[in-house]
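What follows is a set of notes on a single structure, which appears directly below.
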Amino acid sequence: MPSLRLPFGGTLDRDAGVAVSQPSSMRALTNALPKRGKAEVRGGMVLTTTLPAVAGSCTAVVLIHPLVSQQEAIAVGFYQQDRSLRVFRLSGDGVSVIQSLGVWVNLHAQSEPRVSVAEGFSVVLLAHDEPVLSRRAPTKIFRVFGDGTLGNLEAEFDEAGRTAVYFRSVMAWGDYMVGFGFGSALEDRPEFLRLSLPGEPGRFDRDHYFIVGNRGEPITGLGEAGGNLMVFKASKTYRVVGNSPVNFGILPAYALVGCPHQNLIVSVDGSCYFWSLEGPRVTMGGDNRDVAMLLDLEGEDPDWLPAKAALKDGVALYHLKTRVVEWVFGMRGYALSLDGEGLKWGHSDRGVPIASSGVLYSGGPKLEGLAAPTSFSTIGTVEALSTRAILPLAHTGAVSETMGELWLRAGQGVWSRARDFIVQGSSQQETLTGLTAMTNYAVAVRHRRGGEFPSAYAVEDPGLWPSASRAAFTTLLVPPLLVSATWMRVNSSSIVRLVWEPTDSLVSHQALRNGNPILTLPAGVTTVDAPVSSANATDTWAVRAVLGAFFSTPSNTIDTFSGVAAPIGPTYVPDPGGTCGGVDTVPYALTWETGASGATTEVFYRQGNNATATLWQTAPAGVEAVTLCVPQSDVGSVELGEPTGDDPLSGRVTLRHRMGADVSAFVTAYEGLIS
Amino acid sequence: VTPAVFAGAADGGGIYRLDDSAHLDGVTPIELRVETGTVAPGGISADHAFDWIRLGVTHTAAATLKVTPLVDGDPVPGAAFAISLEAQSKRTSVAFERAIRASVEGGLRTYAPRGTWIAVLIEGMRLGAGDLILDSVDVDYEVLTPTLPSGASVPSGAP
């Protein structure tokens, strides 16, 4: 009796004889992958960690990407409660969240949390894959060997100057970082493809770009095939050829085939697999090939499979060990085995819907060629301010390419990695920011080099590190410095303009008049026009810092007269070099200090006893000297001073300030009186 | 360096390692459903008697499997059988051979099912970590009526 072997995941070759098979005979291969003629049950999914609940629970993990040099990873969580995208740093084995890099953006209400990431030369770029520019989040840059914070990627693409960049997606390609979908701050050009400077992934020159296809038709994705950069639009594809600005060029590749979303593209060993609007295809840089035939995507949807998520929510991933490319749409996956001859497909019925995927690395040297450090830092006396603390660090045994990690614990909470810094010299200062005022903190420091730590610091619990590398401090509320308190009129109101230097830009301030708070100003405000207590009175001014229910002590004080101040210290001396118009007059120099910004100075003269003082000259604001032409007959009979009723001299000169209708008192203090 | 594929959940903050030997997706069992190619050994109009089925399995994981012969697209009544596999410390290959017998009259009478198309449906799940590989499915058959010669009319009836 003859025997026949039934195939898994494919059809029989007609050469097998008269036996025939149905075209759809692979339809039921669920949770198994065809491999060398066999069917191997796929592996499962092991929960390694969960992104923390910070704004409610995390809604979805929309990105996982390796930091290859550090054997770590970047993950982005979407939090529906405040629609925030939050960035975290993970250990390379995916087991622990080791640092929160903070909120990337709070998304527009109609924007979806799809992101892309690229790493090159230890620089990571994060882009928000949002088609509408006005809803798109700014592209973020994270330097692995930087200070451990996220920053905005900036570039000067037009006359608007250096502004934030809003790439729709990014990809590392050779020595370049590639971003698309952003023309400039002034021009929406979704068909623009920009290249960074070679080897400098954070620097984009305004002239290094391609215009891909028709204007206004957006680029949707990037892939790499056969050394070429494949640039996808929804139903067209272009190919960037060349390897430097000298020979770069862009050519149409496929007129009717494209890929609508970046997350549906995965490049493996020189081949680029992408899910087009018609289904999965593959290219090696030349022609593209339909690999969807056996899937029967146009046929009846199998009822034993879970519902398929939308195309835009799909994820392309590559299984390294089993050599399988899989596109997952929610809980349904389409798995294409590359191991063996021909196209072999299977389905996945995932118990967990997938939003992102990445290949992480662990267990190897974290930066090749660097040995574990033996150096360490000690922490001196911490200068704690309101929301920041300045740490004096002394380094012992540090060599080049050593990074420092600062860990922080508030109260009796858990330790977390606050920030990284580059260890430089034998000592340096580092500043912790974002602290809470009036709070007890513990801080610890350790060195890292090539991803390795000194043996005494290898554990992830700073409480077990040597005590010299730890310190405790309590944040304070430090008063600001009151710089000036100047009387003036603003819109006819008599006010004193206070200017101060805050010790912490994140705290509010109160203005104090004669010890009493009269105004509260929000953080960031460093000047205010405060009302005076009454006209022509002297008030004592101060400011103090405010944070919630806490107040600092008052700042230094300044006494200010609420009116125009009189000129200061006038002198009156013969001026042989002065010029007078008449032959019978002698020049005298009258000088003073104004001390009142914006005030004109009026010079008065009274001739003879009991005569009325008359305005002699008016000096413009800022002028502090005039020449007085005294009649020859009066020389020796004129004196600087306040006129009195029965002055025996024939004349007296005096001064006062004027600001609009406000005048100061006459000068009462004189220097160098010379008759 | 150990590379590993990770996936982020779309329904929460979970980060998952895709592990070839894991038998669960988080806490959800992975249910296997494999249907072999549907074949007409003697041609699209031939009539066959299908007698024996042999299933080869290599595994380390404990598993349960249900094997159902399908003739002309339908399960053969009474012909399905179950297989239980114990966990093994190293990969072990085993073969199971069963006669395909449709039963009637409460199982008092059995016969080899006749038809044109044959396929085998294998369902089940792993019960613990480890491998489970379906090596082969072989069917013994006898052509009762060969396919019509070229140019002859072909009756409908294929599923």
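When reading the values below, keep in mind they use all heavy atoms of this one structure, side chains included, and skip hydrogens, waters and symmetry mates. Please read these numbers as outputs of a predicted model, since none were measured by experiment.
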Atom group of L63(A) that falls short of 4.5 Å from chain B, counting heavy atoms: neither
If you count heavy-atom pairs under 4.5 Å between each of A32(A), G358(A), G330(A) and chain B, which one has the most? G358(A)
Please look at I64(A) and chain B and tell me whether the side chain, the backbone, both or neither of the residue comes under 4.5 angstrom of a heavy atom of that chain. side chain
Residue part contacting chain B, namely of T49(A), when any heavy atom lies under 4.5 Å: both
Pick from E123(B), H59(B), E31(B): which one has the most heavy-atom pairs with chain A under 4.5 Å? E31(B)
Donor-acceptor under 3.5 Å (T48(A) side chain, I15(B) main chain): yes
In terms of heavy-atom proximity below 4.5 Å to chain B, should A75(A) be classed as side chain, backbone, both, or neither? side chain
Contact check, side chains of L4(A) and Y141(B), non-hydrogen atoms, under 4.5 Å: yes
Highest number of heavy-atom pairs under 4.5 Å with chain B among L51(A), V46(A), N31(A) belongs to V46(A)
Give a yes or no on this: more than 12 heavy atoms of other residues, nucleotides or ligands lie within 6.0 Å of atom CD of Q81(A). no
Run V41(A) and I133(B) through side-chain contact (heavy atoms from CB on, under 4.5 Å) and show every step you take. CA-CA 6 Å; V41(A) 180; I133(B) 302 167; over 6 Å; no
In short, G351(A) meets D25(B) closest at the heavy-atom pair N-OD2, 2.8 Å
V5(B) to H319(A) - nearest heavy-atom pair and separation: CG2-CA, 4.1 Å
Might you work through the side-chain contact (heavy atoms from CB on, under 4.5 Å) test for L6(A) and V139(B), ending with a clear yes or no? CA-CA 7 Å; L6(A) 302 181; V139(B) 174; 3.6 Å; yes
Closest heavy-atom pair, R126(B) versus G44(A), reported as atoms and distance to 0.1 Å, is NH2-N, 4.3 Å
Could you walk me through whether T30(A) and L32(B) satisfy the side-chain contact (heavy atoms from CB on, under 4.5 Å) test, starting with their C-alpha distance in whole Å, then the side-chain angles of each, then the deciding distance to 0.1 Å, before giving a yes or no? CA-CA 6 Å; T30(A) 304; L32(B) 171 71; over 6 Å; no
Using a strict cut-off of less than 4.0 Å between a Lys/Arg side-chain nitrogen and an Asp/Glu carboxylate oxygen, indicate whether K38(A) and D135(B) qualify as a salt bridge. yes
Between S3(A) and R54(B) the two heavy atoms that sit nearest each other are OG-NH2, 2.9 Å
So for L24(B), is it side chain, backbone, both, or neither that comes closer than 4.5 Å to the heavy atoms of chain A? backbone
Between G26(B), A9(B), G14(B), A49(B), which residue shows the highest count of heavy-atom pairs closer than 4.5 Å to chain A? A9(B)
Determine the option with the most heavy-atom pairs under 4.5 angstrom with chain B, choosing from D93(A), V62(A), D313(A), D349(A). D93(A)
Between chain A and each of D138(B), T28(B), I122(B), D131(B), count heavy-atom pairs under 4.5 Å; write down the option with the most. D138(B)
Quick check: are there more than 12 heavy atoms from other residues, nucleotides or ligands sitting under 6.0 Å from CD of E97(B)? yes
Under 4.5 Å to a heavy atom of chain B? For Y318(A) that would be backbone
Count the heavy atoms of every other residue, nucleotide or ligand shown that sit under 6.0 Å from NZ of K66(B), and state whether that count exceeds 12. no
In terms of heavy-atom contacts, L320(A) and P3(B) come closest through CD1-CB, 3.4 Å
Looking at A61(B), P29(B), G8(B), which makes the most heavy-atom pairs under 4.5 Å with chain A? G8(B)
Test log, rule side-chain contact (heavy atoms from CB on, under 4.5 Å), inputs I30(B) and R42(A): CA-CA 8 Å; I30(B) 299 170; R42(A) 73 164 174 88; 3.7 Å; yes
